[in-house]
Protein chains: 2
Amino acid sequence: MPKIVNHEQKRKLIAEAAWKIIKNEGIEKASIRKVAAEAGMSSGALRHYFSTQDEMLLFIMDYFFDAGKKRSDHKEWSKDPLKAVEEVLLELVPIDEEKKIETSVWWIFALRSLTSDALKEKKDELTDGTYVLANSMLEILTQKGILLDSVNVDLERSRLSALIEGMSFHALLRPDVYTPEMVKEVISYHLKTLCNK
Amino acid sequence: MPKIVNHEQKRKLIAEAAWKIIKNEGIEKASIRKVAAEAGMSSGALRHYFSTQDEMLLFIMDYFFDAGKKRSDHKEWSKDPLKAVEEVLLELVPIDEEKKIETSVWWIFALRSLTSDALKEKKDELTDGTYVLANSMLEILTQKGILLDSVNVDLERSRLSALIEGMSFHALLRPDVYTPEMVKEVISYHLKTLCNK
DNA sequence: TATCATAATAACACACTGTGCTAAAAAGAT
DNA sequence: ATCTTTTTAGCACAGTGTGTTATTATGATA
């Protein structure tokens, strides 16, 4: 009966338009009206696909986090498990332009989630992400038998995910001090203190 | 010749009014108009003391960070240097309501500094803060001779300040997971791996 | 092919926001 | 009492998110 347009595809089109604005002018410029203009539609039309800005933000986050995940999936990791773990963790830190944008979107989103109920759930899902990944990395090291016996895995998990998040913060705000090399060194150093080789 | 009012005092009055709003309704509600109303003046009057919102934010940050610093100065630290270091580091993590507000103001500010030139300088000063403090703590441990020789102080400084910042992030966003006890444990655990007792 | 239900789109109103500018008020010095 | 400068108030402008209402388009049905 109705006019039928591919909903999901249109949402992706909008997400791409929003991303373009975020990339070039910063996230605070990605208003509903501006994104609509960039996507070539009226703001009313955009709001037919995303009825609130938070909803749009949510979709954008998911869309580009998925893209990041896929990017990682196609990466070749080192055979050496310690090196591989190091590489995976480094993937989470914003040391290139693309990841810097993703991270700042993530921070903005996280902060907004403190006062917006609509975002709370997603925030939990995403903060759990780092935690779960840190855990996986520790499990790999355990399985390969290179994790020191003295390591308290429970605390280590919390420490590692905090360390990664903190490195992200500094890499984003102080790229002059926390250069990619320095970040890499710190992560490598941290892992060495946990392993027996 | 002119009407004379204590400029600094009025700015503090405004900062207190702003803080009240931030505390009760969140920082995004602390608009110029609302803060002015809370302080009992017109928005035009407020803008005579802070010509932009960033300027106001800047002052508020300084004012309440100073308050936090003074609060710490009046604290009694443990005699045991390791314990004392632990306590100081714990001061930086938002485990109570007051510090949570301070931290979220700080994050908002930091993120805004990425796109606002007016805030860049202050951001550097404040990110340096954690770094310098982490350094001081390591120096204390070195002086007391309890820091392990195997520790690479340069990397340790970066790691410690990232860890603290990351713990702050998690404590703010996931107080359900990163409880005060857990935060304390992780910091304590981290310090133990650096020290010989 | 004409009708009709519904999806898609557009357009407007409302209450906000930060900021620039201008006019009025207040008050100390002459 | 007058002058000068600070302080205050108020308005205008462009922008924001969101709610509501009308219009257009479309595909299935009769």
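The structure presented is a predicted model; accordingly, all values stated were derived computationally and were not measured. Letters A, B, ... are given to chains in the order of the sequence lines, protein chains preceding strands, and every chain is numbered from 1.
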A:Trp19 and A:Lys23, any side-chain heavy atoms less than 4.5 Å apart: yes
Which of parallel (below 30°), tilted (30 to 60°) and perpendicular (above 60°) describes A:Phe59 and A:Phe50? tilted
So, OP1 or OP2 of D:dT6: does either fall under 4.0 Å of a side-chain N or O from B:Lys10? no
Please give, in whole Å, the distance from D:dT7 P to B:Ile14 CD1? 12 Å
Starting at atom CG of B:Leu13, determine the distance to atom C1' of D:dT7, rounded to an integer number of angstrom. 15 Å
Between D:dT6 (P) and B:His48 (NE2): distance, integer Å: 8 Å
Can a cation-pi geometry be assigned to A:Arg11 and A:Tyr49, taking NZ or CZ under 6.0 Å from the six-membered ring centre and within 45° of the ring axis? no
If the plane angle is over 60° it's perpendicular, under 30° parallel, otherwise tilted; pick one for A:His170 and A:Tyr178. parallel
Does C:dT9 have its OP1 or OP2 closer than 4.0 Å to a side-chain nitrogen or oxygen of A:Tyr49? yes
Name the pairs: protein N/O against N/O of nucleotides 16-19 of chain D, kept only if under 3.5 Å.
from	atom 1	to	atom 2	distance (Å)
D:dT16	OP1	A:Ser31	OG	2.7
D:dG17	OP1	A:Ile32	N	3.2
D:dG17	OP1	A:Gln53	OE1	3.4
D:dG17	OP1	A:Gln53	NE2	2.6
D:dG17	OP2	A:Ile32	N	3.1
D:dG17	N7	A:Arg33	NH1	2.7
D:dG17	N7	A:Arg33	NH2	3.3
D:dG17	O6	A:Arg33	NH2	3.0
D:dT18	OP2	A:Gln53	N	2.7
D:dG19	N7	A:Arg47	NH1	2.7
D:dG19	N7	A:Arg47	NH2	3.4

What is the separation between atom CZ on A:Arg11 and atom P on C:dA8, rounded to the nearest whole Å? 11 Å
Please determine if A:Lys83 and A:Glu86 form a salt bridge, counting it only when a charged side-chain N lies under 4.0 Å from a carboxylate O. no
Evaluate the ring planes of B:Trp107 and A:Trp107, with Trp represented by its six-membered ring, and classify them as parallel (under 30°), tilted (30 to 60°) or perpendicular (over 60°). parallel
Nearest whole angstrom, please: distance from the C1' of D:dG10 to the CG of B:Leu46. 15 Å
Would you mind reading off the distance between B:Asn6 atom CG and C:dA27 atom P, rounded to a whole angstrom? 16 Å
